[in-house]
Number of protein chains: 2
Amino acid sequence: MSEVPESKLNSLSIDCVIFGFEDAQIKLLLIQRELDPHRGSWSLPGGFIKMEEGIHAASERILKEMTGVDNLYLEQLGAFGEVDRYPLKRVVTIAYYALIKPGNYTLNPGPDASEARWFPLEECPPLPFDHPDILQSAINTLQWKVQHQPIGFNLLPEKFTLLQLQELYEAILQVKLDKPNFRRKFTRLDLLEPLDEYQKAVSHRAARLYRFDEAKYKELTETGFSLRELRLMGG
Amino acid sequence: MSEVPESKLNSLSIDCVIFGFEDAQIKLLLIQRELDPHRGSWSLPGGFIKMEEGIHAASERILKEMTGVDNLYLEQLGAFGEVDRYPLKRVVTIAYYALIKPGNYTLNPGPDASEARWFPLEECPPLPFDHPDILQSAINTLQWKVQHQPIGFNLLPEKFTLLQLQELYEAILQVKLDKPNFRRKFTRLDLLEPLDEYQKAVSHRAARLYRFDEAKYKELTETGFSLRELRLMGG
DNA sequence: ACAAAAGTGTTCATCCTACACCCATGC
DNA sequence: GCATGGGTGTAGGATGAACACTTTTGT
(Lines give C-alpha, C1' and ligand atoms only; values in the text may rest on other atoms or scores of the structure.)
Protein backbone atom coordinates (compact mmCIF):
# COMPACT_ATOMS: atom_id res chain seq x y z
CA MET A 1 0.00 0.00 0.00
CA SER A 2 1.49 3.28 -1.04
CA GLU A 3 1.22 5.91 1.65
CA VAL A 4 2.99 8.42 -0.55
CA PRO A 5 1.25 11.79 -0.30
CA GLU A 6 -0.52 12.70 -3.49
CA SER A 7 -2.38 15.82 -4.44
CA LYS A 8 -5.14 13.88 -6.19
CA LEU A 9 -6.76 10.49 -5.89
CA ASN A 10 -5.33 8.91 -8.97
CA SER A 11 -7.79 6.07 -9.43
CA LEU A 12 -10.95 8.06 -8.87
CA SER A 13 -12.38 10.64 -11.21
CA ILE A 14 -15.52 12.75 -11.63
CA ASP A 15 -17.60 13.00 -14.79
CA CYS A 16 -20.41 15.48 -15.25
CA VAL A 17 -23.47 15.31 -17.45
CA ILE A 18 -24.57 18.91 -17.88
CA PHE A 19 -28.05 19.50 -19.21
CA GLY A 20 -29.44 22.73 -20.52
CA PHE A 21 -32.71 23.79 -22.15
CA GLU A 22 -32.80 26.16 -25.10
CA ASP A 23 -35.01 26.50 -28.17
CA ALA A 24 -37.38 23.89 -26.77
CA GLN A 25 -34.55 21.35 -26.82
CA ILE A 26 -32.57 19.56 -24.16
CA LYS A 27 -28.89 20.25 -24.70
CA LEU A 28 -25.76 18.66 -23.41
CA LEU A 29 -22.50 20.40 -22.62
CA LEU A 30 -19.46 18.54 -23.95
CA ILE A 31 -15.77 19.32 -24.12
CA GLN A 32 -13.26 18.44 -26.77
CA ARG A 33 -10.44 16.41 -25.27
CA GLU A 34 -6.94 17.75 -25.56
CA LEU A 35 -5.28 14.64 -24.18
CA ASP A 36 -5.00 11.06 -25.24
CA PRO A 37 -6.73 8.69 -25.22
CA HIS A 38 -9.49 9.85 -27.56
CA ARG A 39 -7.75 13.18 -28.11
CA GLY A 40 -10.00 15.46 -30.12
CA SER A 41 -13.23 13.64 -29.46
CA TRP A 42 -16.15 15.17 -27.60
CA SER A 43 -16.71 13.84 -24.13
CA LEU A 44 -18.24 14.55 -20.75
CA PRO A 45 -16.27 17.08 -18.73
CA GLY A 46 -14.49 15.61 -15.77
CA GLY A 47 -11.39 15.56 -13.65
CA PHE A 48 -9.70 14.03 -10.67
CA ILE A 49 -10.57 14.49 -7.03
CA LYS A 50 -8.19 16.40 -4.83
CA MET A 51 -7.00 14.87 -1.60
CA GLU A 52 -8.46 17.61 0.52
CA GLU A 53 -11.89 17.96 -1.09
CA GLY A 54 -15.04 15.88 -0.77
CA ILE A 55 -16.48 14.30 -3.88
CA HIS A 56 -19.41 16.67 -4.09
CA ALA A 57 -17.08 19.63 -3.70
CA ALA A 58 -14.91 18.17 -6.45
CA SER A 59 -17.81 18.01 -8.87
CA GLU A 60 -18.74 21.59 -8.00
CA ARG A 61 -15.19 22.71 -8.64
CA ILE A 62 -15.04 20.98 -12.01
CA LEU A 63 -18.36 22.48 -13.00
CA LYS A 64 -17.23 25.91 -11.92
CA GLU A 65 -14.00 25.60 -13.87
CA MET A 66 -16.11 24.87 -16.93
CA THR A 67 -18.87 27.41 -16.58
CA GLY A 68 -17.61 29.99 -14.13
CA VAL A 69 -20.70 29.49 -12.01
CA ASP A 70 -21.47 27.69 -8.83
CA ASN A 71 -24.70 27.05 -6.98
CA LEU A 72 -26.03 24.97 -9.82
CA TYR A 73 -28.35 22.06 -9.39
CA LEU A 74 -25.94 19.18 -9.10
CA GLU A 75 -26.63 15.63 -8.03
CA GLN A 76 -24.77 12.37 -7.99
CA LEU A 77 -25.74 9.59 -10.38
CA GLY A 78 -23.45 6.94 -8.95
CA ALA A 79 -20.14 5.26 -9.49
CA PHE A 80 -19.09 3.59 -12.72
CA GLY A 81 -16.26 1.16 -12.30
CA GLU A 82 -15.94 -1.60 -14.85
CA VAL A 83 -12.36 -2.84 -15.02
CA ASP A 84 -11.80 -1.82 -18.62
CA ARG A 85 -13.74 1.42 -18.70
CA TYR A 86 -10.56 3.48 -19.01
CA PRO A 87 -7.81 1.99 -21.14
CA LEU A 88 -4.65 3.40 -19.54
CA LYS A 89 -5.19 2.33 -15.98
CA ARG A 90 -7.85 1.38 -13.50
CA VAL A 91 -10.00 4.41 -12.83
CA VAL A 92 -13.42 4.40 -11.21
CA THR A 93 -15.52 7.45 -11.92
CA ILE A 94 -18.27 9.11 -9.94
CA ALA A 95 -20.85 10.59 -12.25
CA TYR A 96 -22.90 13.71 -11.54
CA TYR A 97 -25.53 15.54 -13.50
CA ALA A 98 -26.18 19.24 -13.47
CA LEU A 99 -28.98 21.49 -14.72
CA ILE A 100 -28.13 24.91 -16.09
CA LYS A 101 -29.60 27.71 -18.18
CA PRO A 102 -27.32 27.84 -21.23
CA GLY A 103 -27.78 31.48 -22.09
CA ASN A 104 -26.66 32.78 -18.74
CA TYR A 105 -23.04 31.76 -18.80
CA THR A 106 -19.94 31.96 -20.90
CA LEU A 107 -18.14 28.68 -21.18
CA ASN A 108 -14.56 28.06 -20.29
CA PRO A 109 -13.20 24.77 -21.58
CA GLY A 110 -10.74 24.37 -18.72
CA PRO A 111 -7.21 23.00 -18.64
CA ASP A 112 -7.65 19.63 -20.40
CA ALA A 113 -10.03 20.68 -23.15
CA SER A 114 -9.73 22.79 -26.24
CA GLU A 115 -13.36 23.69 -26.54
CA ALA A 116 -16.71 23.45 -24.78
CA ARG A 117 -19.97 23.42 -26.69
CA TRP A 118 -23.69 22.76 -26.27
CA PHE A 119 -25.13 19.91 -28.34
CA PRO A 120 -28.81 19.14 -28.78
CA LEU A 121 -29.28 15.76 -27.17
CA GLU A 122 -30.42 14.24 -30.46
CA GLU A 123 -27.26 15.37 -32.18
CA CYS A 124 -24.89 14.14 -29.54
CA PRO A 125 -21.63 12.93 -31.09
CA PRO A 126 -20.30 9.44 -30.23
CA LEU A 127 -18.88 9.51 -26.73
CA PRO A 128 -15.74 7.68 -25.60
CA PHE A 129 -15.18 5.25 -22.71
CA ASP A 130 -18.35 4.36 -20.82
CA HIS A 131 -19.72 7.87 -21.27
CA PRO A 132 -22.69 6.58 -23.27
CA ASP A 133 -23.74 4.51 -20.23
CA ILE A 134 -23.31 7.47 -17.95
CA LEU A 135 -25.35 9.68 -20.25
CA GLN A 136 -28.14 7.13 -20.44
CA SER A 137 -28.20 6.87 -16.69
CA ALA A 138 -28.41 10.66 -16.45
CA ILE A 139 -31.30 10.77 -18.91
CA ASN A 140 -33.19 8.10 -17.01
CA THR A 141 -32.65 9.91 -13.75
CA LEU A 142 -33.69 13.24 -15.20
CA GLN A 143 -36.84 11.73 -16.68
CA TRP A 144 -37.77 10.29 -13.36
CA LYS A 145 -36.83 13.29 -11.30
CA VAL A 146 -38.79 15.75 -13.35
CA GLN A 147 -41.95 13.81 -12.60
CA HIS A 148 -41.40 13.72 -8.87
CA GLN A 149 -39.58 16.88 -7.91
CA PRO A 150 -39.84 20.42 -9.23
CA ILE A 151 -36.28 20.41 -10.50
CA GLY A 152 -37.28 21.41 -14.00
CA PHE A 153 -37.17 25.03 -12.97
CA ASN A 154 -33.42 24.92 -12.85
CA LEU A 155 -33.62 24.78 -16.63
CA LEU A 156 -36.06 27.65 -17.15
CA PRO A 157 -35.61 31.42 -16.93
CA GLU A 158 -36.96 33.06 -13.81
CA LYS A 159 -40.16 34.09 -15.54
CA PHE A 160 -41.69 31.71 -18.01
CA THR A 161 -44.92 30.79 -19.71
CA LEU A 162 -46.83 27.59 -19.22
CA LEU A 163 -46.04 26.60 -22.78
CA GLN A 164 -42.34 26.87 -22.09
CA LEU A 165 -42.82 24.63 -19.10
CA GLN A 166 -44.76 22.16 -21.18
CA GLU A 167 -42.13 22.16 -23.91
CA LEU A 168 -39.52 21.44 -21.27
CA TYR A 169 -41.43 18.40 -20.10
CA GLU A 170 -42.03 17.27 -23.64
CA ALA A 171 -38.35 17.55 -24.43
CA ILE A 172 -37.27 15.66 -21.35
CA LEU A 173 -39.89 12.92 -21.52
CA GLN A 174 -39.99 12.69 -25.30
CA VAL A 175 -43.76 12.79 -25.48
CA LYS A 176 -46.45 15.14 -26.65
CA LEU A 177 -48.63 16.42 -23.85
CA ASP A 178 -52.15 17.75 -23.79
CA LYS A 179 -52.13 21.48 -23.11
CA PRO A 180 -55.29 21.91 -21.03
CA ASN A 181 -54.50 18.97 -18.80
CA PHE A 182 -50.90 19.99 -18.38
CA ARG A 183 -51.91 23.45 -17.22
CA ARG A 184 -54.32 22.06 -14.70
CA LYS A 185 -51.80 19.68 -13.27
CA PHE A 186 -49.46 22.49 -12.49
CA THR A 187 -51.98 24.99 -11.29
CA ARG A 188 -53.32 22.36 -8.91
CA LEU A 189 -49.84 21.77 -7.52
CA ASP A 190 -49.97 25.36 -6.38
CA LEU A 191 -46.30 25.70 -7.18
CA LEU A 192 -46.52 28.47 -9.75
CA GLU A 193 -47.03 32.08 -8.90
CA PRO A 194 -48.89 33.94 -11.65
CA LEU A 195 -47.39 37.35 -12.38
CA ASP A 196 -49.06 40.46 -13.71
CA GLU A 197 -46.76 40.31 -16.67
CA TYR A 198 -47.33 39.01 -20.15
CA GLN A 199 -45.33 38.15 -23.19
CA LYS A 200 -44.66 41.04 -25.55
CA ALA A 201 -44.50 41.36 -29.30
CA VAL A 202 -45.80 37.91 -30.06
CA SER A 203 -48.06 37.37 -33.00
CA HIS A 204 -50.74 35.76 -30.96
CA ARG A 205 -52.40 36.30 -27.64
CA ALA A 206 -49.74 37.11 -25.05
CA ALA A 207 -49.25 34.42 -22.43
CA ARG A 208 -49.11 35.17 -18.78
CA LEU A 209 -45.72 34.77 -17.12
CA TYR A 210 -45.20 32.69 -14.04
CA ARG A 211 -42.43 32.07 -11.62
CA PHE A 212 -42.17 29.32 -9.10
CA ASP A 213 -43.02 29.96 -5.49
CA GLU A 214 -39.84 29.61 -3.41
CA ALA A 215 -41.50 28.19 -0.32
CA LYS A 216 -43.63 25.72 -2.23
CA TYR A 217 -40.66 24.79 -4.36
CA LYS A 218 -38.71 23.78 -1.28
CA GLU A 219 -41.65 21.95 0.19
CA LEU A 220 -42.27 19.97 -2.97
CA THR A 221 -38.59 19.19 -3.32
CA GLU A 222 -38.73 17.52 0.06
CA THR A 223 -42.11 15.82 -0.05
CA GLY A 224 -42.03 15.05 -3.74
CA PHE A 225 -45.10 14.89 -5.95
CA SER A 226 -46.37 12.62 -8.61
CA LEU A 227 -47.08 13.65 -12.15
CA ARG A 228 -47.62 10.00 -12.50
CA GLU A 229 -49.48 9.49 -15.73
CA LEU A 230 -47.72 12.34 -17.40
CA ARG A 231 -46.11 10.18 -19.99
CA LEU A 232 -49.47 8.80 -21.02
CA MET A 233 -51.11 12.14 -21.37
CA GLY A 234 -52.16 13.58 -24.68
CA GLY A 235 -51.51 12.15 -28.07
CA MET B 1 1.56 9.71 -9.31
CA SER B 2 2.42 6.24 -8.15
CA GLU B 3 2.16 3.65 -10.90
CA VAL B 4 3.18 0.91 -8.50
CA PRO B 5 1.12 -2.21 -9.15
CA GLU B 6 -1.30 -2.91 -6.33
CA SER B 7 -3.68 -5.78 -5.79
CA LYS B 8 -6.43 -3.49 -4.48
CA LEU B 9 -7.52 0.07 -5.03
CA ASN B 10 -6.40 1.51 -1.74
CA SER B 11 -8.51 4.63 -1.68
CA LEU B 12 -11.77 3.05 -2.76
CA SER B 13 -13.90 0.70 -0.72
CA ILE B 14 -17.30 -0.98 -0.85
CA ASP B 15 -19.90 -0.94 1.92
CA CYS B 16 -23.06 -3.02 1.88
CA VAL B 17 -26.39 -2.42 3.55
CA ILE B 18 -27.99 -5.84 3.75
CA PHE B 19 -31.70 -5.97 4.48
CA GLY B 20 -33.70 -8.98 5.53
CA PHE B 21 -37.31 -9.57 6.57
CA GLU B 22 -38.18 -11.86 9.46
CA ASP B 23 -40.91 -11.86 12.11
CA ALA B 24 -42.65 -8.99 10.35
CA GLN B 25 -39.56 -6.83 10.88
CA ILE B 26 -36.95 -5.36 8.62
CA LYS B 27 -33.53 -6.52 9.75
CA LEU B 28 -30.05 -5.36 9.01
CA LEU B 29 -26.95 -7.52 8.76
CA LEU B 30 -23.95 -6.05 10.60
CA ILE B 31 -20.48 -7.31 11.36
CA GLN B 32 -18.36 -6.73 14.40
CA ARG B 33 -15.08 -5.09 13.42
CA GLU B 34 -11.88 -6.86 14.28
CA LEU B 35 -9.62 -4.03 13.22
CA ASP B 36 -9.05 -0.49 14.33
CA PRO B 37 -10.44 2.07 14.05
CA HIS B 38 -13.68 1.30 15.91
CA ARG B 39 -12.50 -2.20 16.68
CA GLY B 40 -15.33 -4.14 18.29
CA SER B 41 -18.15 -1.94 17.10
CA TRP B 42 -20.89 -3.10 14.76
CA SER B 43 -20.69 -1.75 11.25
CA LEU B 44 -21.72 -2.31 7.66
CA PRO B 45 -19.78 -5.10 5.98
CA GLY B 46 -17.36 -3.91 3.37
CA GLY B 47 -13.98 -4.29 1.79
CA PHE B 48 -11.64 -3.01 -0.83
CA ILE B 49 -11.93 -3.41 -4.57
CA LYS B 50 -9.49 -5.63 -6.39
CA MET B 51 -7.58 -4.29 -9.35
CA GLU B 52 -9.03 -6.86 -11.70
CA GLU B 53 -12.69 -6.74 -10.70
CA GLY B 54 -15.45 -4.27 -11.50
CA ILE B 55 -17.17 -2.48 -8.67
CA HIS B 56 -20.37 -4.45 -8.97
CA ALA B 57 -18.41 -7.70 -9.00
CA ALA B 58 -16.55 -6.49 -5.92
CA SER B 59 -19.77 -5.93 -4.01
CA GLU B 60 -20.99 -9.38 -5.05
CA ARG B 61 -17.77 -10.94 -3.84
CA ILE B 62 -17.97 -9.20 -0.47
CA LEU B 63 -21.56 -10.25 -0.06
CA LYS B 64 -20.72 -13.80 -0.99
CA GLU B 65 -17.86 -13.90 1.47
CA MET B 66 -20.33 -12.87 4.15
CA THR B 67 -23.30 -15.03 3.32
CA GLY B 68 -22.00 -17.77 1.10
CA VAL B 69 -24.59 -16.90 -1.50
CA ASP B 70 -24.61 -15.08 -4.76
CA ASN B 71 -27.38 -14.05 -7.09
CA LEU B 72 -28.87 -11.78 -4.50
CA TYR B 73 -30.69 -8.60 -5.30
CA LEU B 74 -27.92 -6.05 -5.14
CA GLU B 75 -27.95 -2.47 -6.28
CA GLN B 76 -25.71 0.54 -5.97
CA LEU B 77 -26.70 3.45 -3.75
CA GLY B 78 -23.88 5.75 -4.74
CA ALA B 79 -20.50 7.00 -3.64
CA PHE B 80 -19.81 8.57 -0.27
CA GLY B 81 -16.65 10.60 -0.19
CA GLU B 82 -16.41 13.33 2.41
CA VAL B 83 -12.78 14.09 3.17
CA ASP B 84 -12.95 13.07 6.82
CA ARG B 85 -15.29 10.10 6.54
CA TYR B 86 -12.49 7.66 7.34
CA PRO B 87 -9.97 8.80 9.91
CA LEU B 88 -6.80 6.98 8.86
CA LYS B 89 -6.60 8.08 5.26
CA ARG B 90 -8.66 9.33 2.39
CA VAL B 91 -11.04 6.58 1.33
CA VAL B 92 -14.11 7.02 -0.84
CA THR B 93 -16.68 4.26 -0.50
CA ILE B 94 -19.25 2.96 -2.93
CA ALA B 95 -22.36 1.84 -1.10
CA TYR B 96 -24.65 -0.99 -2.18
CA TYR B 97 -27.78 -2.43 -0.71
CA ALA B 98 -28.88 -6.03 -0.86
CA LEU B 99 -32.11 -7.88 -0.12
CA ILE B 100 -31.95 -11.35 1.34
CA LYS B 101 -34.11 -13.90 3.13
CA PRO B 102 -32.41 -14.27 6.52
CA GLY B 103 -33.47 -17.83 7.27
CA ASN B 104 -31.98 -19.29 4.13
CA TYR B 105 -28.32 -18.74 4.80
CA THR B 106 -25.67 -19.32 7.40
CA LEU B 107 -23.51 -16.31 7.98
CA ASN B 108 -19.77 -16.18 7.70
CA PRO B 109 -18.23 -13.05 9.21
CA GLY B 110 -15.30 -13.04 6.82
CA PRO B 111 -11.67 -12.12 7.37
CA ASP B 112 -11.96 -8.69 9.05
CA ALA B 113 -14.86 -9.40 11.36
CA SER B 114 -15.36 -11.53 14.43
CA GLU B 115 -19.10 -11.92 14.12
CA ALA B 116 -22.03 -11.27 11.83
CA ARG B 117 -25.54 -10.80 13.17
CA TRP B 118 -29.02 -9.66 12.15
CA PHE B 119 -30.41 -6.61 13.98
CA PRO B 120 -33.98 -5.36 13.80
CA LEU B 121 -33.74 -1.98 12.17
CA GLU B 122 -35.20 -0.29 15.22
CA GLU B 123 -32.55 -1.80 17.45
CA CYS B 124 -29.63 -0.92 15.24
CA PRO B 125 -26.52 -0.14 17.31
CA PRO B 126 -24.64 3.13 16.72
CA LEU B 127 -22.68 2.83 13.52
CA PRO B 128 -19.18 4.22 12.94
CA PHE B 129 -17.84 6.52 10.21
CA ASP B 130 -20.53 7.81 7.84
CA HIS B 131 -22.39 4.52 8.00
CA PRO B 132 -25.48 6.20 9.49
CA ASP B 133 -25.72 8.34 6.35
CA ILE B 134 -25.31 5.32 4.13
CA LEU B 135 -27.97 3.42 6.04
CA GLN B 136 -30.38 6.32 5.80
CA SER B 137 -29.80 6.53 2.09
CA ALA B 138 -30.46 2.80 1.78
CA ILE B 139 -33.71 3.08 3.72
CA ASN B 140 -34.90 5.95 1.56
CA THR B 141 -34.06 4.06 -1.58
CA LEU B 142 -35.76 0.91 -0.35
CA GLN B 143 -38.89 2.83 0.59
CA TRP B 144 -39.06 4.33 -2.82
CA LYS B 145 -38.19 1.19 -4.73
CA VAL B 146 -40.76 -0.97 -3.07
CA GLN B 147 -43.47 1.36 -4.32
CA HIS B 148 -42.28 1.33 -7.90
CA GLN B 149 -40.75 -2.05 -8.56
CA PRO B 150 -41.68 -5.50 -7.32
CA ILE B 151 -38.41 -5.92 -5.47
CA GLY B 152 -40.12 -6.74 -2.20
CA PHE B 153 -40.28 -10.35 -3.25
CA ASN B 154 -36.59 -10.73 -2.72
CA LEU B 155 -37.38 -10.50 0.97
CA LEU B 156 -40.22 -13.03 1.07
CA PRO B 157 -40.21 -16.83 0.92
CA GLU B 158 -41.19 -18.34 -2.39
CA LYS B 159 -44.76 -18.94 -1.21
CA PHE B 160 -46.35 -16.34 0.97
CA THR B 161 -49.70 -15.01 2.10
CA LEU B 162 -51.09 -11.61 1.30
CA LEU B 163 -50.81 -10.65 4.94
CA GLN B 164 -47.09 -11.39 4.89
CA LEU B 165 -46.78 -9.16 1.87
CA GLN B 166 -48.72 -6.44 3.59
CA GLU B 167 -46.62 -6.73 6.72
CA LEU B 168 -43.53 -6.38 4.59
CA TYR B 169 -44.81 -3.14 3.12
CA GLU B 170 -45.86 -1.89 6.51
CA ALA B 171 -42.43 -2.64 7.93
CA ILE B 172 -40.61 -0.93 5.10
CA LEU B 173 -42.85 2.11 4.83
CA GLN B 174 -43.60 2.41 8.55
CA VAL B 175 -47.32 2.79 8.04
CA LYS B 176 -50.48 0.82 8.70
CA LEU B 177 -52.26 -0.23 5.55
CA ASP B 178 -55.86 -1.10 4.84
CA LYS B 179 -56.21 -4.80 4.19
CA PRO B 180 -58.96 -4.92 1.56
CA ASN B 181 -57.42 -2.14 -0.48
CA PHE B 182 -53.97 -3.59 -0.24
CA ARG B 183 -55.17 -6.93 -1.57
CA ARG B 184 -56.91 -5.32 -4.48
CA LYS B 185 -53.92 -3.24 -5.43
CA PHE B 186 -51.83 -6.33 -5.80
CA THR B 187 -54.41 -8.52 -7.43
CA ARG B 188 -55.00 -5.80 -10.01
CA LEU B 189 -51.29 -5.64 -10.75
CA ASP B 190 -51.66 -9.21 -11.91
CA LEU B 191 -48.27 -10.01 -10.47
CA LEU B 192 -49.28 -12.67 -7.99
CA GLU B 193 -50.07 -16.21 -8.93
CA PRO B 194 -52.58 -17.78 -6.54
CA LEU B 195 -51.66 -21.34 -5.60
CA ASP B 196 -53.90 -24.21 -4.57
CA GLU B 197 -52.13 -24.28 -1.27
CA TYR B 198 -53.14 -22.87 2.05
CA GLN B 199 -51.62 -22.21 5.42
CA LYS B 200 -51.70 -25.12 7.85
CA ALA B 201 -52.29 -25.35 11.58
CA VAL B 202 -53.24 -21.78 12.10
CA SER B 203 -55.90 -20.86 14.64
CA HIS B 204 -57.98 -19.03 12.11
CA ARG B 205 -59.08 -19.47 8.56
CA ALA B 206 -56.12 -20.63 6.50
CA ALA B 207 -54.86 -18.06 4.04
CA ARG B 208 -54.16 -18.87 0.44
CA LEU B 209 -50.53 -18.91 -0.61
CA TYR B 210 -49.23 -16.96 -3.56
CA ARG B 211 -46.03 -16.70 -5.47
CA PHE B 212 -45.01 -14.06 -7.91
CA ASP B 213 -45.32 -14.63 -11.61
CA GLU B 214 -41.83 -14.71 -13.15
CA ALA B 215 -42.75 -13.15 -16.45
CA LYS B 216 -44.86 -10.42 -14.94
CA TYR B 217 -42.20 -9.81 -12.31
CA LYS B 218 -39.65 -9.09 -15.00
CA GLU B 219 -42.06 -6.94 -16.94
CA LEU B 220 -42.93 -4.84 -13.92
CA THR B 221 -39.32 -4.52 -12.94
CA GLU B 222 -38.67 -2.90 -16.29
CA THR B 223 -41.77 -0.81 -16.73
CA GLY B 224 -42.22 -0.02 -13.06
CA PHE B 225 -45.56 0.57 -11.41
CA SER B 226 -46.95 3.03 -8.98
CA LEU B 227 -48.38 2.13 -5.63
CA ARG B 228 -48.51 5.82 -5.35
CA GLU B 229 -50.77 6.65 -2.48
CA LEU B 230 -49.71 3.60 -0.56
CA ARG B 231 -48.33 5.57 2.29
CA LEU B 232 -51.62 7.38 2.72
CA MET B 233 -53.74 4.28 2.72
CA GLY B 234 -55.60 3.09 5.76
CA GLY B 235 -55.42 4.52 9.20
C1' DA C 1 -60.26 37.21 -42.08
C1' DC C 2 -56.94 34.11 -40.56
C1' DA C 3 -53.28 31.87 -38.07
C1' DA C 4 -51.43 30.78 -33.78
C1' DA C 5 -51.28 30.26 -29.31
C1' DA C 6 -53.83 31.40 -24.70
C1' DG C 7 -56.99 29.70 -21.90
C1' DT C 8 -61.74 27.35 -20.05
C1' DG C 9 -65.26 23.76 -19.65
C1' DT C 10 -67.20 19.18 -19.72
C1' DT C 11 -67.71 14.28 -20.07
C1' DC C 12 -66.50 9.64 -19.13
C1' DA C 13 -63.73 6.24 -17.20
C1' DT C 14 -60.73 4.80 -13.75
C1' DC C 15 -58.78 4.54 -9.44
C1' DC C 16 -58.65 5.32 -4.34
C1' DT C 17 -60.47 5.36 0.39
C1' DA C 18 -63.19 4.13 3.89
C1' DC C 19 -65.79 1.05 5.97
C1' DA C 20 -69.34 -2.61 6.44
C1' DC C 21 -69.79 -7.19 6.13
C1' DC C 22 -69.38 -12.39 5.86
C1' DC C 23 -66.27 -16.78 6.16
C1' DA C 24 -63.34 -20.35 8.32
C1' DT C 25 -60.70 -22.26 12.10
C1' DG C 26 -59.04 -23.32 16.82
C1' DC C 27 -59.79 -22.81 21.61
C1' DG D 1 -69.28 -18.42 21.53
C1' DC D 2 -65.51 -15.72 20.53
C1' DA D 3 -61.13 -14.23 18.94
C1' DT D 4 -58.36 -13.95 14.93
C1' DG D 5 -57.29 -13.35 10.59
C1' DG D 6 -59.16 -14.37 5.53
C1' DG D 7 -61.62 -12.42 2.13
C1' DT D 8 -65.64 -9.66 -0.62
C1' DG D 9 -68.66 -5.71 -1.63
C1' DT D 10 -69.82 -1.04 -2.29
C1' DA D 11 -70.63 4.09 -2.11
C1' DG D 12 -68.53 8.56 -2.78
C1' DG D 13 -64.83 11.24 -4.07
C1' DA D 14 -60.70 12.50 -6.56
C1' DT D 15 -58.08 12.37 -10.62
C1' DG D 16 -56.95 11.92 -15.35
C1' DA D 17 -57.68 11.64 -20.58
C1' DA D 18 -59.86 13.37 -24.40
C1' DC D 19 -61.58 16.88 -26.86
C1' DA D 20 -64.76 20.79 -27.91
C1' DC D 21 -64.79 25.45 -27.37
C1' DT D 22 -63.87 30.63 -26.66
C1' DT D 23 -60.35 34.53 -26.35
C1' DT D 24 -56.63 37.53 -27.78
C1' DT D 25 -53.11 39.36 -30.73
C1' DG D 26 -50.39 40.36 -35.09
C1' DT D 27 -50.35 40.24 -40.01
Side-chain angles (χ1 to χ4, degrees), chain A residues 23-24 147-148 156 159-171 173 175-211 220 223-235, chain B residues 23-24 147-148 156 159-171 173 175-211 220 223-235:
Chain A
D23 308 325
Q147 292 178 78
H148 298 270
L156 288 175
K159 300 171 183 180
F160 51 86
T161 68
L162 288 175
L163 185 59
Q164 281 179 290
L165 184 61
Q166 180 176 342
E167 285 171 342
L168 174 63
Y169 274 81
E170 290 179 340
L173 298 175
V175 288
K176 284 301 277 179
L177 301 174
D178 181 81
K179 184 168 47 152
N181 294 334
F182 184 85
R183 307 176 68 81
R184 266 187 292 260
K185 270 194 171 144
F186 272 91
T187 50
R188 259 198 293 240
L189 272 183
D190 205 27
L191 169 68
L192 302 182
E193 183 184 349
L195 302 173
D196 285 330
E197 289 182 63
Y198 295 82
Q199 284 181 316
K200 281 171 189 153
V202 286
S203 73
H204 53 78
R205 176 172 171 181
R208 184 190 274 264
L209 297 177
Y210 292 78
R211 72 174 162 216
L220 283 179
T223 65
F225 57 79
S226 187
L227 263 46
R228 140 181 100 117
E229 305 297 350
L230 202 51
R231 45 181 60 250
L232 301 177
M233 206 160 71
Chain B
D23 307 326
Q147 293 179 74
H148 298 270
L156 288 174
K159 301 171 184 179
F160 52 86
T161 68
L162 289 176
L163 184 60
Q164 280 179 290
L165 183 62
Q166 182 176 340
E167 284 170 342
L168 173 64
Y169 274 80
E170 289 178 340
L173 299 175
V175 288
K176 284 301 277 178
L177 300 174
D178 181 83
K179 185 168 46 154
N181 295 334
F182 184 85
R183 307 175 68 81
R184 265 187 293 259
K185 266 192 176 149
F186 272 92
T187 50
R188 259 197 294 243
L189 273 182
D190 207 29
L191 169 68
L192 301 182
E193 184 185 348
L195 302 174
D196 284 331
E197 289 183 64
Y198 295 82
Q199 284 180 316
K200 281 171 190 154
V202 285
S203 74
H204 53 77
R205 177 172 171 182
R208 185 190 273 265
L209 297 178
Y210 292 79
R211 72 175 162 215
L220 282 179
T223 65
F225 58 78
S226 187
L227 264 45
R228 145 178 98 118
E229 305 297 350
L230 202 52
R231 46 181 57 251
L232 301 178
M233 204 160 73

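Whole-Å rounding puts the A:Phe182 CZ to C:dA6 C1' distance at 15 Å. In this structure, the CD atom of A:Gln164 is 13 Å from the P atom of C:dA5, given to the nearest Å. Put simply, CZ on B:Phe186 is 16 Å from C1' on C:dC15, counting in whole angstrom units. A straight line from CZ of B:Arg183 to C1' of D:dG5 spans 10 Å, rounded to a whole angstrom. The interatomic distance linking A:Glu167 (CD) with C:dA5 (C1') rounds to 11 Å, in whole Å. Residue A:Asp190 contributes atom CG, which lies 13 Å from atom P of D:dT15 at whole-angstrom precision. One interatomic measurement links the two molecules: OH of A:Tyr198 to C1' of C:dG7, which rounds to 11 Å at whole-angstrom precision. Distance, B:Lys179 NZ to C:dC21 C1': 12 Å, rounded to whole Å.
Applying the salt bridge (charged side-chain N to carboxylate O under 4.0 Å, His left out) rule to B:Arg211 yields the partners B:Glu158, B:Glu193; only residues at least two apart in sequence or on another chain are considered. Applying the side chain to side chain donor-acceptor pair (under 3.5 Å) test to A:Lys159 and every residue at least two apart in sequence or in another chain returns A:Glu197. In terms of the side-chain contact (heavy atoms from CB on, under 4.5 Å) criterion, residue partners of B:Arg184 (sequence neighbours excluded) are, by chain and number, B:Pro180, B:Asn181, B:Thr187, B:Arg188. The side-chain contact (heavy atoms from CB on, under 4.5 Å) search around B:Leu163 returns B:Thr161, B:Gln166, B:Glu167, not counting sequence neighbours. Applying the side chain to side chain donor-acceptor pair (under 3.5 Å) rule to A:Arg208 yields the partners A:Tyr198; only residues at least two apart in sequence or on another chain are considered.
Among the heavy atoms of the strands lying under 4.0 Å from B:Arg188 are primed sugar atoms or P, OP1, OP2 only; no base atom is included. Within 4.0 Å of B:Arg208, counting heavy atoms only, lie sugar-phosphate atoms of the nucleic acid but no base atom. When heavy atoms are screened at a 4.0 angstrom cut-off, A:Leu163 is found touching the sugar-phosphate backbone but no base atom.
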inquiry  = Return a single string for nucleotides 19-27 of chain D, one symbol per nucleotide in 5' to 3' order, where B is base contact, S is sugar-phosphate-only contact and - is none, cutoff 4.0 angstrom on heavy atoms.
reply    = BB--BBBS-
ask   = After noting the C-alpha distance and the side-chain angles of B:Phe182 and B:Tyr169, does the key distance pass the ring pair (Phe, Tyr, Trp, His ring centres under 6.0 Å) rule?
value = CA-CA 10 Å; B:Phe182 184 85; B:Tyr169 274 80; 5.6 Å; yes
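Side-chain contact between B:Leu165 and B:Leu192: present, with at least one pair of heavy atoms (C-beta onward) separated by less than 4.5 Å.
The phosphate of C:dC15 has neither OP1 nor OP2 within less than 4.0 Å of any side-chain N or O from B:Lys185.
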